[in-house]
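What follows is a set of notes on a single structure, which appears directly below.
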Amino acid sequence: VEGAGAAGQPATLVLEIEDTGVGFDAVFAGALFQRFNQADATITRRFGGSGLGLSICKALVEMMGGEIEARSEPGRGSVFRVTLPLARTLSLAEHDAAGATQAQEQAPLARVDALRVLLAEDHPINQKVVQLILAPLGAEITTVEDGAAALAAFAAGEFDLVLMDMQMPVMDGLTATRALRDIEARHPERARTPIIMLSANAMAEHRSDALASGADHHIAKPVTAHALMDGIGVVFEVAEGG
């Protein structure tokens with residue numbers, strides 16, 4: 001974005017996309033944004049397409065009062081540049097303040113800051129999702145990839161919350177949750193730790209299986225920030241008898 005730091009002032013949004021495709025020469029450049037045109041007649045046979053994409057892009061950009069242009073060399077790819085005149089609805093300072101307020105609203109629990117979380121999840125993308133939600137709020141996350149590792153971590157350390165995937169290798173989440181509750185039963189000096197079960201299934205039987213194993217709450221995947229923060233609020237409210 002170029003210019004316009006204050007709300008209501010005009011700014012210019014510039015987007016550039018670079019590819020390494022077949023490219024095109026100067027002769028074709030003049031007809032690039034016309035309908036049903038492609039630089040190489042074999043493209044449709046090889047990859048499909050009708051030659052309408054850039055024409056549609058041009059129409060949309062011009063409807064927004066902007067411009068689109070391209071530069072290219074045959075065999076060396078292309079660069080497409082879109083320039084759009086936009087006005088900020090908020091200043092940068094106002095945007096940052098609004099973002100901070102939204103984060104506080106999504107994380108109503110002050111205890112999220114420094115919350116010690118044990119995450120048992122074998123899929124790296126799901127691990128990353130939870131980390132992206134909780135880590136910026138100050139949570140301390142210990143991640144393991146199966147139920148047996150979760151059991152070992154739980155026995156060796158102290159956690160305020162356990163997020164347990166239902167289906168994992170080595171030991172599944174239901175078995176691991178029962179084992180965690182057994183550890184607590186053998187060590188009454190330990191406070192009961194809230195456990196939230198994460199599952200790709202939202203069927204009633206999966207929720208009941210999770211609760212029967214000793215979990216306090218069930219969240220269906222894909223995990224969202226809203227669902228996770230609501231779930232954390234629920235288990236801590238129950239734990240405190242609120």
Side-chain angles (χ1 to χ4, degrees), residues 15-21 47-48 95-96 98-181 193-236 238:
L15 305 173
E16 280 195 350
I17 300 174
E18 184 173 357
D19 66 36
T20 56
F47 305 112
H95 177 273
D96 291 341
T101 300
Q102 184 179 21
Q104 292 174 356
E105 291 174 348
Q106 289 179 341
L109 302 173
R111 64 177 64 84
V112 170
D113 182 25
L115 187 75
R116 297 167 299 181
V117 179
L118 174 59
L119 171 62
E121 168 63 64
D122 63 308
H123 198 291
I125 293 179
N126 294 330
Q127 292 175 1
K128 192 64 175 180
V129 167
V130 173
Q131 291 164 358
L132 288 173
I133 294 171
L134 294 182
L137 301 175
E140 178 184 335
I141 305 170
T142 299
T143 303
V144 296
E145 296 186 352
D146 60 69
L151 188 60
F154 187 82
E158 295 183 3
F159 298 94
D160 303 305
L161 174 68
V162 176
L163 301 177
M164 183 76 72
D165 183 23
M166 184 176 285
Q167 295 182 324
M168 291 182 291
V170 184
M171 180 185 293
D172 64 83
L174 296 175
T175 302
T177 298
R178 288 190 289 266
L180 297 190
R181 294 304 184 207
T193 303
I195 300 177
I196 297 177
M197 192 73 71
L198 309 177
S199 169
N201 298 298
M203 298 176 64
E205 62 207 62
H206 292 96
R207 293 194 297 270
S208 61
D209 287 345
L211 298 178
S213 72
D216 300 283
H217 193 64
H218 174 276
I219 296 177
K221 295 179 183 179
V223 176
T224 65
H226 180 77
L228 183 56
M229 298 313 302
D230 277 358
I232 293 174
V234 167
V235 298
F236 278 108
V238 171

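- At least one donor-acceptor pair under 3.5 Å links the side chain of Q127 to the backbone N or O of E121.
- Results of the side-chain contact (heavy atoms from CB on, under 4.5 Å) test with F159 over I195, L118, L180, V117 single out L118 as the only residue that passes.
- Here the CG atom belonging to L119 is positioned 4.5 Å from the OG1 atom belonging to T143, to the nearest 0.5 angstrom.
- A donor-acceptor pair under 3.5 Å is absent between the side-chain atoms of D172 and the main chain of Q167, judged by distance alone.
- Interatomic distance, CE of M164 versus CD1 of I196, reported as 11.5 Å (0.5 Å rounding).
- In the displayed structure, L132 atom CG is contacted under 6.0 Å by more than 12 heavy atoms of other residues, nucleotides or ligands.
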Quiz item: So L198 and N126, side chain to side chain contact (heavy atoms under 4.5 Å, CB included) or not? Walk me through it.
Solution: CA-CA 10 Å; L198 309 177; N126 294 330; over 6 Å; no
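- Every residue two or more places apart in sequence or in another chain that forms a side chain to side chain contact (heavy atoms under 4.5 Å, CB included) with R178 is listed here: L174, T175, S213.
- Side-chain contact between D122 and P169 is present, with heavy atoms from C-beta onward closer than 4.5 Å.
- Distance check, rounded to the nearest 0.5 Å: NE2 of H217 to CG of D230 gives 7.5 Å.
- Here the CG atom belonging to D160 is positioned 5.0 Å from the CG atom belonging to L115, to the nearest 0.5 angstrom.
- When each of V223, I219, T224 is tested with K221 by the rule side-chain contact (heavy atoms from CB on, under 4.5 Å), just one qualifies, namely V223.
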Name every donor-acceptor pair, under 3.5 Å, that has one atom in a side chain of residues 146-158 and the other anywhere in the protein, sequence neighbours excluded.
| unit_1 | atom_1 | unit_2 | atom_2 | d |
| --- | --- | --- | --- | --- |
| D146 | OD1 | A148 | N | 3.0 |
| D146 | OD1 | A149 | N | 2.7 |

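- Put simply, the side chain of M229 reaches to within 4.5 Å of the side chain of L137, judged on heavy atoms.
- One finds the CZ atom of R207 at 11.0 Å from the CG atom of D209 (value rounded to the nearest 0.5 Å).
- With rounding to the nearest 0.5 angstrom, the CG atom of L161 is 9.0 Å from the CG atom of D216.
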